[in-house]
Amino acid sequence: MSSVDILVTLYFHTLKLDVKDRTGKGRDRFILSKGHSVEGYYCVLEQAGFISAEILGTYGKYGSILAGHPTVGVPGIELNSGALGHGLSVGVGMALAAKRDKKSTVFLCLWVTANRVRVPLWKQPTRRTLPPG
């Protein structure tokens, strides 16, 4: 399954998002840790209504907000990513903060096996489940 298949499933069938209220406190959060697959992410964001087709057409052009890795300057993107693996660590921190604040927000992070090579072992998840409460 490609990252585009995963993104389409998340953005059109799973995540609780509102393009009219992009910073809503009850929204789910998605982090693309494998930032090198951002092209498909931009296409999904356009189809979901976060960015326009006109903006999508600027990808790869000087001055475009669409960089080679996700950046928070693009509507719908939660985290700048690029270094393999850091998205997962940030996502866990965001989830723990939401849990502390008693929010029911869902956090999802897409990363690849190559992240395991670049992330120190102490950061490696085997299975991270937050305890209740």
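Nothing fancy with the numbering, it's 1 onward along the sequence.
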What verdict does the side-chain contact (heavy atoms from CB on, under 4.5 Å) test give for I6 and V8, after you've listed the backbone C-alpha separation in whole Å, the side-chain angles of each residue and the deciding distance to 0.1 Å? CA-CA 6 Å; I6 294 167; V8 166; over 6 Å; no

Just do the salt bridge (charged side-chain N to carboxylate O under 4.0 Å, His left out) check on E78 and R22 with the steps written out, would you?
CA-CA 10 Å; E78 297 283 344; R22 297 176 181 161; over 6 Å; no

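For the side chain to side chain contact (heavy atoms under 4.5 Å, CB included) criterion with L110, the lone passing option out of L10, L88, L32 is L32.
To the nearest 0.5 angstrom, T14 atom OG1 is 9.0 Å from D28 atom CG. For the atom pair CG (L96) and CZ (F107), the distance works out to 9.5 Å, reported to the nearest 0.5 Å. Going from atom NE2 of H36 over to atom OG of S81 covers 9.5 Å, rounded to the nearest 0.5 Å. Here the OG1 atom belonging to T105 is positioned 11.5 Å from the CG atom belonging to L15, to the nearest 0.5 angstrom. Note: I77 CD1 to R29 CZ = 14.5 Å, rounded to the nearest 0.5 Å.
Taking the side chain as every heavy atom from C-beta outward, I55 and P75 never approach each other to under 4.5 Å. Y41 places none of its side-chain heavy atoms less than 4.5 Å from the side chain of V4. F12 places a side-chain heavy atom less than 4.5 Å from the side chain of Q47. Between V38 and H69 there is no side-chain heavy-atom pair separated by less than 4.5 Å. Contact of the S3 side chain with the K34 side chain is registered, since non-hydrogen atoms from C-beta on lie closer than 4.5 Å. Side chains of C109 and S33 form a contact here, defined as non-hydrogen atoms less than 4.5 Å apart. Side-chain contact between L66 and V74 is present, with heavy atoms from C-beta onward closer than 4.5 Å. Using a 4.5 Å heavy-atom cutoff, the side chains of M94 and I31 are in contact.
Following chains of ILVMFWY side-chain contacts shorter than 4.5 Å, one cannot reach F30 starting from V72, and the two form parts of different hydrophobic clusters.
Under a 3.5 Å cut-off, the side chain of D101 and the backbone N or O of K103 do not form any donor-acceptor pair. Between the side chain of S64 and the main chain of K61, no donor-acceptor pair closer than 3.5 Å is present. For T9 (side chain) and D5 (main-chain N/O), a donor-acceptor pair under 3.5 Å exists by modelled atom type.
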